[in-house]
Amino acid sequence: MLLQRFLIRLLTMLITLFGVAVVVFVVIRVAPGDPIAMMLPPGATDADIARLRALYGLDKTIVQQFFIWLSGVVRGDFGTSISLRQDVLGLVFNRLPATLELAIVALLMAVALGGTTAIIGARERGTAVEAGIDIASGAALSIPDFLWGLVLILLFGVLVPIFDISGRVSPQLDLPFVTQFYLFESILRLRLDLTWDLLKHMLMPAVALALPLAAIISQLLKQSLKEVLDLDYVVLARVKGFSETQVILREALKNAALPTLTLVGVQFTFLIGGTVIVERLFSYEGLGNMAIDAVINRDLPLIQGIVLVFALLFVLINLAVDMMYALLNPRLRRG
Amino acid sequence: MSTCLDITNLSAVLPNGERVLRSVSLSVLPGEVRALVGESGAGKTMIGKAVLGVLPSSVRIVEGDMLLEGEDLGKLQPKARRTLIGARTALIPQDPLTALNPSRRIGPQMTDRLVRILGWTVEKADQRVRQLLDEVQIRDPDRVLRSYPHELSGGMRQRVLIAAAFAAEPRLIVADEPTTALDVTVQKQILRLIAALQREHGTAILFVTHDLGVVAKISQKVSVLYAGKVVEEAETATLFAAPQHPYTRALMAATPRYTDPFASLKPVDEAVLAGLAAEITAADKAWRRPHG
């Protein structure tokens, strides 16, 4: 039963990824712009163009190209980047950790900030404190992540320059890392000087990405908490002598978190989508930044690779959310 | 003898100024069962919630005193009041299906007050809870303590809640229509259980119900409520033998009897309700909302 459900799930994931691959493959070939024309110097002959087209397989039909590419993907070969002339998979995996670190730090910030304000707001429901939290989250939500990025650059990069506004790490530093997960590895290696330098680069883009999500979490969780706090078992806990904070943390939070969890899963994929522009804004060397270059250069294999990795990430996040949902809700665990 | 619970002149209002409790006075002696009877909206549950400090935020107490074993609940700091209520009272809720946290196992839900509020050791609390589960005739405590609420039937859950209420040896239990949400067959068993545990432990109970049959079986004293006002109070035997207030008589006449299953249900007489409305209006006119 469980195995069957797992296999169905796996099949849906594969179909989703296949669909994404088809759409991206077709769209970037139908869209205007020619990668070959961008590679050649002015004055190249038609014969040169034709030779290069044949080299990258662009002289075949779209269907043929797709199946050539797909057979490569199945074997783990995503092709060669046209603009960077390197293996696509290597390029993607080199950049992916930077984006993952940024997204995870932003997610943790959003959960911490949104969760705390939701709990405080629910505890102080009906007071000026709750109204203040509502106003703040309304403001955080109505400004998109890239605009937050600009605001932060202006505030903490220019007016009060305490953070670095560009790059992932100070270029003069010696990096002893073996993985691309610089931040996590620096913590594990206890090189806290490097952690600090990485954080100084990462905090502003992370905050820019986190603020809108924090606001969503805050509003939804607070609403769910307030609903749960009127339920009978919560009243019973108050009669037992527990304080409002204890009641919220021990009785209400877990049950109220379920709807928020589903939403955070969806919103986290939006956050990862947001890294594309925010990374660009902060010249942060992640996958999103690379995606923009790939699009500008019409680097078809690289775009396909990046999009497919993003799609895989989204599918996995959804899977993780479903599993956490079952973990938090005992009624779903059996059957 | 000092009283267990003493309520004098308790009034509570909604934000629009309407009184939901109208100068309620009643007392419960140690080990005594006092029934609060009345129709829906008569304020009987509200009194229980006021005592336990869990009134909805829209309802505000504007006058009156509540003394729990001589301690004035209105004069205590919130934290002290909470702890006192947690230590000396308990609630048997109306609906066992919603009164247990769906995401926590039964065991910790039964022991958390003993351990975290009363400071018992985990072993002692566990022992105590098993003893009480035995008293409510649950024969497989291991399974029950490990279960999540949805794995137990409604009757079992109510037994669990009753056991949890008695576990800390409270002086006063507020039973808020504890049988209303159950099957008729289960109702009787649960009522018998509460009565047995009450006698065994000598706990005072404020028993909220709309069922005069339940009142007759379990209580020594009764307060009859209408629109948040006590219209009659008496020893249970006296009340049933010679009800004084027309509303009480009308309620009794309206109670269906097993001896005459084909009789049609009778509503409370219109003239009685008109008289009550006049009584309430007069009381509200005489009442001056205290300031401050």
Side-chain angles (χ1 to χ4, degrees), chain A residues 115 119-131 221-262 322-335, chain B residues 15 45 48-49 51-58 78-105 108-119 146-151 157 161 164-165 167-168 170 172-174 176 181:
Chain A
I119 289 169
I120 294 173
R123 211 183 86 103
E124 308 292 328
R125 56 193 174 284
T127 68
V129 175
E130 192 197 359
L221 184 61
K222 179 160 71 70
Q223 194 50 43
S224 310
L225 276 173
K226 280 163 75 177
E227 279 162 25
V228 172
L229 284 173
D230 286 333
L231 296 182
D232 288 354
Y233 62 83
V234 176
V235 172
L236 194 61
R238 289 198 192 102
V239 173
K240 284 175 181 173
F242 290 108
S243 72
E244 200 59 21
T245 311
Q246 286 172 316
V247 165
I248 290 174
L249 294 179
R250 289 164 52 83
E251 304 281 347
L253 191 56
K254 202 167 154 190
N255 295 310
L258 289 175
T260 312
L261 182 67
T262 316
D322 285 357
M323 277 161 53
M324 276 168 71
Y325 205 89
L327 210 68
L328 279 176
N329 189 348
R331 277 165 296 189
L332 284 181
R333 237 172 268 164
R334 283 182 209 165
Chain B
T45 296
K49 286 190 169 168
V51 172
L52 299 175
V54 287
L55 280 174
S57 53
S58 56
K79 187 170 187 295
R81 184 171 60 223
R82 218 172 54 222
T83 324
L84 184 77
I85 287 170
R88 303 220 187 139
T89 72
L91 168 68
I92 301 177
Q94 173 169 5
D95 187 352
L97 301 188
T98 57
L100 288 163
N101 189 332
S103 66
R104 295 178 66 205
R105 291 178 198 276
Q109 294 200 57
M110 290 187 75
T111 54
D112 57 2
R113 169 165 56 162
L114 303 178
V115 175
R116 293 174 58 98
I117 301 294
L118 303 178
R146 264 200 324 272
S147 298
Y148 284 99
H150 69 277
E151 295 165 334
R157 288 190 229 184
L161 286 162
L172 174 75
I173 286 179
V174 175
D176 184 7

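Heavy-atom basis, side chains included; hydrogens, waters and symmetry copies ignored. Per chain, numbering begins at 1; letters A, B, ... match sequence-line order. Remember, predicted model here, so these are calculated numbers, not experimental data.
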(message) I'd like to know if the side chain of A/D232 reaches the main chain of B/T98, judged simply by a donor and an acceptor atom lying under 3.5 Å from each other, with no hydrogens or angles considered.
(response) no

(request) Side-chain contact test, heavy atoms from C-beta onward, threshold under 4.5 Å: evaluate it for B/D112 versus A/E251 and give yes or no. (result) yes

(message) For the backbone of B/I85 and the side chain of A/K240, can you confirm whether one donor and one acceptor N or O come within less than 3.5 Å of each other?
(response) no

(message) My understanding is that only one of B/T89, B/V51, B/V174 makes a side chain to side chain contact (heavy atoms under 4.5 Å, CB included) with A/V239; could you say which?
(response) B/T89

(message) Looking at every non-hydrogen atom in both residues, tell me the closest pair between B/S103 and A/N255 and how far apart they are.
(response) OG-OD1, 3.0 Å

(request) Considering only heavy atoms and a distance below 4.5 Å, find which of B/A168, B/A90, B/P78, B/P102 pairs most often with chain A. (result) B/P102

(message) If I measure from the heavy atoms of chain B, does A/R125 come under 4.5 Å with its side chain, its backbone, both, or neither?
(response) neither

(message) Just so I understand: if I count every heavy-atom pair under 4.5 Å between each of B/L91, B/I117, B/L161 and chain A, which residue has the most?
(response) B/I117

(request) Find the one option among B/L100, B/D95, B/T83 whose heavy-atom pairs under 4.5 Å with chain A are most numerous. (result) B/L100

(message) For a 4.5 angstrom cut-off between non-hydrogen side-chain atoms, does A/S243 reach B/K79?
(response) no

(message) Would you compute the distance between atom CG of A/D230 and atom OG of B/S57 and round it to the nearest 0.5 angstrom?
(response) 7.0 Å

(message) Can you confirm whether B/R82 sits close enough to A/R238 that some side-chain heavy atom of one is under 4.5 Å from a side-chain heavy atom of the other?
(response) no

(message) Do B/P93 and A/Y233 make a side-chain contact, defined as non-hydrogen atoms from C-beta onward lying under 4.5 Å apart?
(response) no

(request) Select, from B/R104, B/R81, B/Q94, B/Q109, the one with the greatest count of heavy-atom pairs under 4.5 Å involving chain A. (result) B/R104

